[in-house]
Amino acid sequence: MTDHLTTADVAGVARSNRSEVDDTAAGSGPGSAPGGPEAPPLFERDDVTRLRTRWQEVQTGFVDDPRRAVHEADELVAAVISSLSETFARHKGELEAQWREGEPATEELRIALRRYRSFFDQLLGT
C-alpha cells in the first residue's frame, strides 16, 4: 500500500497532521464535519487573480482577433491543467515519502479518503 498511492492523498499532504475529525463524517457530504479536512484550494489566491486577469485579456481580445483569442484560451486552459497536475504530483511525492517510514494508521487513511472525496467533489463542481 505504501508504494501505490494515488492523487487522492495529494490534496491533504500539507494538512496531514490536522486535528481529529468526526468519525461518522467519512460517509457524509463534503465539509459536513466541523473542523474536518477539506480539499485545499486548487490554486493560491494570487494565482487565481493572475489567471482570471489573463482570461479577461483573452476574452477581450476576441473582438479584434477571434482565432488568436481561441488559441490563447486553449493555451491558458492547458497551462492551468498542467499546473494542477504538477502540484498534485509534488504533493503525492511528499505523502509517499512520509508513508515510506511505516504503514499509515487507519485514521490517516480515513482522513486521506475524506480529502480525496472533497477534491473529487471540487473537481466535479459538486
Side-chain angles (χ1 to χ4, degrees):
M1 177 163 265
T2 59
D3 293 331
H4 294 39
L5 298 176
T6 65
T7 56
D9 299 310
V10 171
V13 170
R15 296 185 175 119
S16 64
N17 293 325
R18 208 166 177 179
S19 63
E20 293 292 316
V21 294
D22 181 2
D23 286 335
T24 62
S28 59
S32 62
E38 297 177 16
L42 298 178
F43 296 94
E44 297 296 324
R45 188 178 309 229
D46 291 342
D47 292 334
V48 170
T49 300
R50 181 181 51 78
L51 291 166
R52 289 198 184 281
T53 298
R54 181 64 188 122
W55 179 259
Q56 284 299 114
E57 293 168 356
V58 168
Q59 194 169 325
T60 301
F62 183 83
V63 173
D64 295 327
D65 192 346
R67 182 180 297 264
R68 187 171 126 221
V70 170
H71 178 73
E72 290 176 356
D74 177 69
E75 289 178 343
L76 182 58
V77 169
V80 167
I81 291 169
S82 176
S83 176
L84 183 62
S85 177
E86 290 169 11
T87 297
F88 283 103
R90 181 172 27 86
H91 286 295
K92 178 182 177 185
E94 292 169 4
L95 185 61
E96 287 173 338
Q98 288 176 354
W99 285 5
R100 275 189 208 112
E101 297 176 10
E103 187 66 25
T106 301
E107 179 64 10
E108 289 175 319
L109 294 171
R110 188 183 68 77
I111 290 170
L113 183 61
R114 288 201 58 211
R115 288 183 179 134
Y116 273 118
R117 186 193 64 227
S118 293
F119 177 63
F120 183 79
D121 289 343
Q122 191 176 16
L123 286 173
L124 295 180
T126 57

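Bear in mind the structure is a predicted one, so any value in this text is a computation, not a measurement. Count residues from 1 along the sequence.
Within a 6.0 Å sphere centred on CD of Glu57, heavy atoms belonging to other residues, nucleotides or ligands number more than 12.
Under the 3.5 Å distance criterion, the side-chain polar atoms of Thr53 are matched with a main-chain donor or acceptor of Thr49. Judged by distance alone, the side chain of Glu86 and the main-chain N or O of Ser83 form no donor-acceptor pair under 3.5 Å.
Closest heavy-atom contact between Ala69 and Gly61: CB-C, 4.1 Å.
Between the CG atom of Asp46 and the CG atom of Leu51 there is a distance of 11.0 Å, given to the nearest 0.5 Å.
Side-chain contact of Gln56 with Thr60: a donor-acceptor pair under 3.5 Å is absent, judged by distance alone.
Residue Trp55 is not grouped with residue Phe62 when hydrophobic side chains (ILVMFWY) are merged at heavy-atom distances under 4.5 angstrom, including chains of intermediate members. Leu76 and Leu84 fall within a single hydrophobic cluster, where Ile, Leu, Val, Met, Phe, Trp and Tyr side chains are chained together by heavy-atom contacts under 4.5 Å.
Contact annotation: the side chain of Asp65 never approaches that of Val70 to less than 4.5 Å [non-hydrogen atoms, C-beta and beyond]. A 4.5 Å side-chain heavy-atom check between Leu42 and Val80 finds every atom pair outside the cut-off. Side-chain contact between Val48 and Glu44 is absent, with no heavy atoms from C-beta onward closer than 4.5 Å. Looking only at side-chain heavy atoms (C-beta outward), Ser118 and Gln122 stay at 4.5 Å or farther from each other.
Residue Ile81 shares its hydrophobic cluster (ILVMFWY side chains chained together at separations under 4.5 Å) with Val77.
Among pairs with a residue in residues 70-81, those fulfilling side-chain hydrogen bond (donor to acceptor under 3.5 Å, both in side chains) read Arg54-Glu72, Arg68-Glu72, His71-Glu75, at least two apart in sequence or across chains.
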